[in-house]
Amino acid sequence: MSQANLSRRLSAQDATFLYFEREDSPMNIGSVAVFQGEIPYDKFVKNIEDKIHLIPRYQQRIIPAPLNLSHPTWEWDPDFDIRRHILPVRLDPPGNLDQLRELASRLFQGRLSRDKPLWELYLVHGVEGDRSALVSKVHHCLVDGVSGIDLLMIVMDVSPNPPPPPPPPEPVAVGPIPDPVSRFFDAMFDRMAENLRTTADVQKALLSAIDNPASVRSVNRALETALPYFLRPGRRAPFNKPFSGERKQAWSECSFAEVRAIRQACGGTVNDVVLAILGGALSRYYEAHGLETDGQVARVLTPVNVRREDERGSLGNRISMLLVEVPLGVRDPIERLNIVRERTDSLKRNHVADGIELLSDSLGNVPPMLQALLGTLPAPPNNVANMVCTNVPGPMIPLYSVGHRLEAHYPM
């Protein structure tokens, strides 16, 4: 992942995760990884240090543009110190998984400091069964779920004794953070260039609409699908309440082979099976809180990866969204799966994700100053969706860290 392939200025989608972040609702993603054996801290740090040139963003800070004339930029951190990002922690005996979940919940809450690159790794010792754990915390402006997995494949090793990583092509000359005057003119000229690109894109879009009416129909279908959810408030779930800022992690495991067997026997996709399982769990949860479920639905936002093949391995966010109405109160799991499959098939058939992406791209042309201002206003009430559910295909091969095998990996 060379620096040449990285854009210095954040995209509109990446910057949105910065503008709308609050202390009680930080825009971080991460995971808890559990390894066999006790991983030595110094050896682990050296392993990441030898590979850090493969992920340049991990050495860069977010620097805002004066007056928010343009989106922030990634700048090399002149004070980068990897030990400010990789921190050792030890659990008190017995170090069971409940303690690990509680620790991960505590570490994961709150915003990452903006005075250094936006990531942290906590190497946890003292996990029962002679194990170690790694709690990762990365800002969403840096990665989405798919690029986070690509990142994992760089941080981890594919064998217990991997060959040394390739050396950096050339040392990067890291100077001071640009001064406000330089940033002001950079932002102004970048914004002018962006306006020219936007004008050209609009012209191309108009020509494309003439040659390819299907793209216009995709946007129309996306609007037809999305607008009713904004106009008709959804029924709130018991957990749709103001955030306190505290976190409580909970993990559950099921056999992926079993999920695939269900998909093969009943049709649909892995995502459909996951949503059907979620529908059953939500039904029980609603009923446990005294709510009626018959004939009700939960609105679930499901992110869709829209990376092209030539964008594989790139950081940042390339996602669209589908809003799926998951049935509640349907006792028969096969019937529930069939309902979910019909709804997701309809959304795919009508290319709603493509339309939402085109719509999102057009909203990205809103001036950065206005986007940043909107981020400072009180968040509007969420009447659209009850929750987000995402399925990111993880590594299908054994992974290691400095010779210690990865035993479990729980996304957050």
Side-chain angles (χ1 to χ4, degrees), residues 1-18 27-31 44-65 70-87 112-122 134 136-158 162-179 182-183 186-187 190 194 305 307-319 395 399 401-402:
M1 193 179 299
S2 69
Q3 175 62 13
N5 295 329
L6 296 175
S7 169
R8 179 167 165 257
R9 198 168 294 281
L10 273 74
S11 70
Q13 191 174 57
D14 291 344
T16 298
F17 287 104
L18 288 173
M27 299 292 184
N28 303 320
I29 61 175
S31 65
F44 179 79
V45 172
K46 178 68 166 59
N47 183 49
I48 303 300
E49 198 167 30
D50 290 343
K51 298 177 181 179
I52 198 75
H53 64 277
L54 298 172
I55 37 178
R57 284 281 188 259
Y58 269 31
Q59 301 170 78
Q60 295 175 333
R61 285 174 51 188
I62 289 284
I63 303 298
S70 193
H71 296 307
T73 54
W74 297 100
E75 305 291 349
W76 292 98
D77 183 1
D79 303 315
F80 180 75
D81 179 356
I82 198 167
R83 289 177 185 261
R84 293 179 68 200
H85 296 268
I86 305 177
L87 307 167
L112 287 159
S113 171
R114 300 283 178 92
D115 67 356
K116 63 180 184 178
L118 296 176
W119 64 277
E120 290 175 350
L121 296 175
Y122 296 88
L134 186 66
S136 67
K137 184 176 177 180
V138 185
H139 201 282
H140 215 319
C141 74
L142 178 59
V143 291
D144 59 19
V146 171
S147 58
I149 290 294
D150 291 337
L151 208 57
L152 178 72
M153 297 299 289
I154 292 177
V155 172
M156 304 291 182
D157 303 313
V158 296
E170 293 178 11
V172 176
V174 179
I177 299 293
D179 62 83
S182 299
R183 300 205 311 271
D186 276 351
D190 279 357
E194 183 63 30
N305 175 35
R307 271 180 174 73
R308 300 186 306 271
E309 191 60 33
D310 61 347
E311 294 175 316
R312 281 185 60 81
S314 63
L315 296 184
N317 292 270
R318 290 288 287 118
I319 53 176
L399 293 179
S401 179
V402 291

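Rounded to the nearest 0.5 angstrom, Ser401 OG and Ile48 CD1 are separated by 6.0 Å. The distance from the CZ atom of Phe44 to the CG atom of Leu134 is 4.5 Å, given to the nearest 0.5 Å. Between atom CD of residue Gln60 and atom CD1 of residue Ile55 there is a gap of 11.0 Å, rounded to the nearest 0.5 Å. A distance of 12.0 Å separates CD1 in Ile86 from OH in Tyr122, rounded to the nearest 0.5 Å. The line from OG1 of Thr73 to CZ of Arg61 is 10.5 Å long, rounded to the nearest 0.5 Å. Note that NE2 of His140 is 4.0 Å distant from CZ of Phe17, once rounded to the nearest 0.5 Å.
Side chains of His139 and Met27 form a contact here, defined as non-hydrogen atoms less than 4.5 Å apart. The shortest distance between side-chain heavy atoms of Pro117 and Trp74 does not fall below 4.5 Å. Inter-residue side-chain proximity for Leu118 and Cys141 is flagged as met; some heavy-atom pair is nearer than 4.5 Å.
Across Arg9 and Ala65, no two heavy atoms sit closer than the pair NH1-CB, 4.2 Å. Pairing each heavy atom of Val174 with each of Pro78, the nearest pair is CG1-CA, 3.7 Å. A pairwise comparison of heavy atoms in Ser136 and Leu121 identifies CB-CD2, 3.4 Å as the closest pair. The two residues Ala15 and Pro72 have their closest heavy-atom pair at CB-CD, 4.3 Å.
A salt bridge (charged side-chain N to carboxylate O under 4.0 Å, His left out) with Glu75 is found for exactly one of Arg183, Arg8, Lys116, namely Arg8.
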Do Leu112 and Leu142 pass the side-chain contact (heavy atoms from CB on, under 4.5 Å) test, and can you show the C-alpha distance, the side-chain angles, and the key distance before you say yes or no? CA-CA 12 Å; Leu112 287 159; Leu142 178 59; over 6 Å; no
Please assess Leu18 against Ile62 for the test side-chain contact (heavy atoms from CB on, under 4.5 Å), listing each intermediate value before the final yes or no. CA-CA 10 Å; Leu18 288 173; Ile62 289 284; 3.8 Å; yes
Evaluate Asn28 against Val138 for side-chain contact (heavy atoms from CB on, under 4.5 Å), listing each step before the verdict. CA-CA 5 Å; Asn28 303 320; Val138 185; over 6 Å; no
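No side-chain N or O of Ser11 forms a donor-acceptor pair with one of Gln13 less than 3.5 Å apart.
A salt bridge links Lys51 with Asp157: the distance from a Lys NZ or Arg NE/NH1/NH2 to an Asp or Glu carboxylate oxygen falls below 4.0 Å. Ion pairing of Arg84 with Glu120 is absent here, as no side-chain N (NZ or NE/NH1/NH2) approaches a carboxylate O to less than 4.0 Å.
A distance-only check finds a donor-acceptor pair linking the side chain of His53 to the backbone of Pro166 [under 3.5 Å].
Relative orientation of the His85 and Trp119 rings is parallel, given thresholds of 30° and 60° on the angle between their planes.
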